[in-house]
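Structure, as structure tokens:
Predicted, not measured: the structure shown is a model, and the values here were computed from it.
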There are 2 protein chains.
Amino acid sequence: MLGFQTSETHSFRPQSSRISISPPTGSTLDERMAYASVRKLESKEHVFCEGDPRLHVFRVEEGVIAIYKTLCDGRRRIIDFAYPGDLIGLGALEEHILSAQATCTSKVRCLSASALEAFAETDANLALKLYKSVCQELAATRSLLVTVGQRSAVERVASFLLALHRRSGDADGSTVTLAMRRSDIADLLGLTIETVSRTLTKLRTMNVIEVEQGGTTVTLCDVARLADLANE
Amino acid sequence: MLGFQTSETHSFRPQSSRISISPPTGSTLDERMAYASVRKLESKEHVFCEGDPRLHVFRVEEGVIAIYKTLCDGRRRIIDFAYPGDLIGLGALEEHILSAQATCTSKVRCLSASALEAFAETDANLALKLYKSVCQELAATRSLLVTVGQRSAVERVASFLLALHRRSGDADGSTVTLAMRRSDIADLLGLTIETVSRTLTKLRTMNVIEVEQGGTTVTLCDVARLADLANE
DNA sequence: GGCCGCCTGTTACATTCTCTCACAATTCGT
DNA sequence: ACGAATTGTGAGAGAATGTAACAGGCGGCC
């Protein structure tokens with residue numbers, strides 16, 4: 001969920017006249033990405049697991065990747081869903097401290113972690129991009145923390161739907177696609193799958209949302225009301 | 001909670017032979033900090049509030065600063081406690097999106113945000129430091145997310161005590177100081193003050209902790225058991 | 001094609017936990 | 001020492017969970 005848009009042009013201080021000239025070949029993130037290998041993932045397949053050596057940084061191309069941590073008793077706490085354009089695997093050191101798993105058929109692009117970070121050592125521009133990206137991820141994680149910290153299940157689910165809508169649903173208006181299982185949503189929000197299901201039903205009977213065909217597509221009928229329920 | 005140790009020397013890639021030579025004066029963060037003004041805060045006094053223009057970045061010198069967000073209905077969700085050495089105010093743009101409030105008598109050092117970030121544009125080393133710092137904060141926020149996402153009150157309180165112990169309690173063994181009110185802990189963990197109080201009592205009767213004088217000092221009698229209760 | 005098992009999602013009911021509201025006990029500041 | 005603020009404790013209400021049963025979709029298999 002880093003929101004690392006490699007094509008974004010506004011620098012950290014837009015008023016600055018400094019422009020970093022890209023070295024001739026393979027230097028910008030876009031170029032590096034273009035040469036990076038693509039890996040296709042089936043649903044529930046792992047990109048990496050806790051404890052794996054951190055060899056690569058990945059950019060999501062298609063699908064949704066769940067970033068999660070496994071607790072001692074086997075429960076799974078999803079920290080974040082990564083969507084196309086997001087970078088995953090940044091910030092860790094020698095080993096991954098979280099696991100990453102596809103919630104549906106997905107594609108990721110692999111980039112050497114050491115090469116990226118070595119290059120950032122000499123390029124303030126790239127380093128700042130990394131900084132900005134992690135800042136965005138931090139903001140998203142904080143937002144999720146606020147959501148999960150809220151008591152009621154309705155608030156959490158409503159917040160989740162709104163966040164999904166804000167992120168993915170600019171185009172087709174008020175329809176969002178849940179590209180993950182109920183169990184994934186439950187593990188993200190700290191609820192059970194039954195509670196998620198019940199809450200969606202509740203929102204449906206309140207005429208705030210409509211759920212279609214197998215529960216993968218949700219239409220937000222009353223965004224204002226949903227925002228009210230989410231306390232936002 | 002950025003854990004931005006300005007004196008840390010290991011670079012992002014320790015094996016790299018590149019060393020950034022600091023410009024003659026006022027360039028390193030330590031030097032800038034030395035000249036920065038110190039502001040003293042009483043308990044419950046604000047460092048900044050949501051919506052304030054982001055003029056400064058602050059480093060906590062003494063005390064504890066609660067970083068929080070206010071919800072529509074007036075509830076307060078604490079995102080983080082910042083301890084001495086931590087930087088706060090990074091990552092935002094024009095305005096602060098969170099509030100920062102002292103939980104006890106504290107001191108912070110003020111640093112111009114624009115100056116710091118302008119300097120980072122030309123110094124990959126500083127930019128990388130910022131990057132690493134935010135990564136640390138991200139890890140801490142994720143850790144808190146795992147804690148809050150856990151269902152039971154015992155797990156949350158136990159996790160909180162352990163986190164506090166890991167952070168502050170290297171020196172005096174197993175004693176941690178709660179430099180904040182019960183209400184602050186409750187708003188961090190998504191519980192009520194009554195539940196926090198009851199849970200501490202429960203842990204006390206289980207002989208896992210000891211609480212002394214007004215509940216500000218806690219001794220962890222059985223760290224292993226506490227970790228078990230916290231599911232860590 | 002039809003049968004079967006597997007997985008996911010939904011719903012109902014009993015249980016358990018936290019929250020709300022009440023008030024007592026303690027600490028702290030003046 | 002007094003009053004205000006904070007903390008601790010109890011009883012009842014409410015909400016989420018756990019358990020269980022059931023419906024629907026999907027693929028394998030005969």
Measure the angle between the two terminal helix axes of the helix from C/dG1-D/dC30 to C/dT30-D/dA1, five base pairs each, and quote it to 10°.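 End axes: 40° apart.
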
Does A/S112 have any side chain to side chain donor-acceptor pair (under 3.5 Å) partners at least two apart in sequence or in another chain, and if so, which? A/S114

Residues in side chain to side chain donor-acceptor pair (under 3.5 Å) contact with A/R142, at least two apart in sequence or another chain: B/E137

Rounded distance (Å) that lies between atom [atom2] of [N] and atom [atom1] of [X]:
X: B/I209; N: D/dG8; atom1: CD1; atom2: C1'; value: 14 Å
X: B/L189; N: C/dT18; atom1: CG; atom2: P; value: 12 Å
X: A/R182; N: D/dA16; atom1: CZ; atom2: P; value: 17 Å
X: A/R204; N: C/dT10; atom1: CZ; atom2: P; value: 7 Å
X: A/K202; N: D/dT17; atom1: NZ; atom2: P; value: 12 Å
X: B/D73; N: C/dC19; atom1: CG; atom2: C1'; value: 14 Å
X: A/R181; N: D/dG24; atom1: CZ; atom2: C1'; value: 14 Å
X: A/L191; N: C/dG9; atom1: CG; atom2: P; value: 15 Å

Between A/R76 and A/D184, does any side-chain N to carboxylate O distance fall below 4.0 Å?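 Here A/R76 pairs with A/D184 in a salt bridge, since their nearest N and O are under 4.0 Å apart.
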
List in chain and number order the residues that pass ring pair (Phe, Tyr, Trp, His ring centres under 6.0 Å) with A/F48, two or more places apart in sequence or in another chain; answer none if no residue qualifies.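 A/F58, A/H96.
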
Below 4.0 angstrom from OP1 or OP2 of D/dT6, is there any side-chain N or O of B/K44? yes

OP1 or OP2 of D/dA15 versus the side-chain N and O atoms of A/S152: is any pair under 4.0 Å? no

Donor-acceptor contact present, side-chain B/S143 to main-chain B/A139, <3.5 Å: no

Nearest 0.5 Å, please: how far is CD in B/E155 from CG in B/N231?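 If we round to the nearest 0.5 Å, B/N231:CG and B/E155:CD are 4.5 Å apart.
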
Around atom CD of B/E212, are there more than 12 heavy atoms of other residues, nucleotides or ligands at under 6.0 Å? yes

Please examine the side chains of B/L203 and B/L161, heavy atoms only from C-beta on, and report whether any two atoms are closer than 4.5 Å. yes

Where protein sits on nucleotides 20-30 of chain C, one letter per nucleotide: B base, S sugar-phosphate only, - none, heavy atoms under 4.0 Å: BB-----S---

Start at the 5' end of DNA chain D and walk down; is the nucleotide closest to B/I193 or to A/V154 reached first? B/I193

Would you mind classifying the nucleic acid contact of B/L200 as base, sugar-phosphate or nothing, using non-hydrogen atoms under 4.0 angstrom?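 No contact at all - B/L200 keeps every heavy atom at 4.0 Å or more from the nucleic acid.
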
From the options D/dT9, D/dT17, D/dT6, select the nucleotide whose nearest atom is closest to the side chain of B/S197. D/dT9

Nucleotide nearest A/T201 when distance is taken to its side chain, options D/dT17, C/dT11, D/dG8: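 Closest nucleotide to the A/T201 side chain: C/dT11.
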
Which residues satisfy the side-chain contact (heavy atoms from CB on, under 4.5 Å) test with B/A179, sequence neighbours excluded? B/V64, B/C104

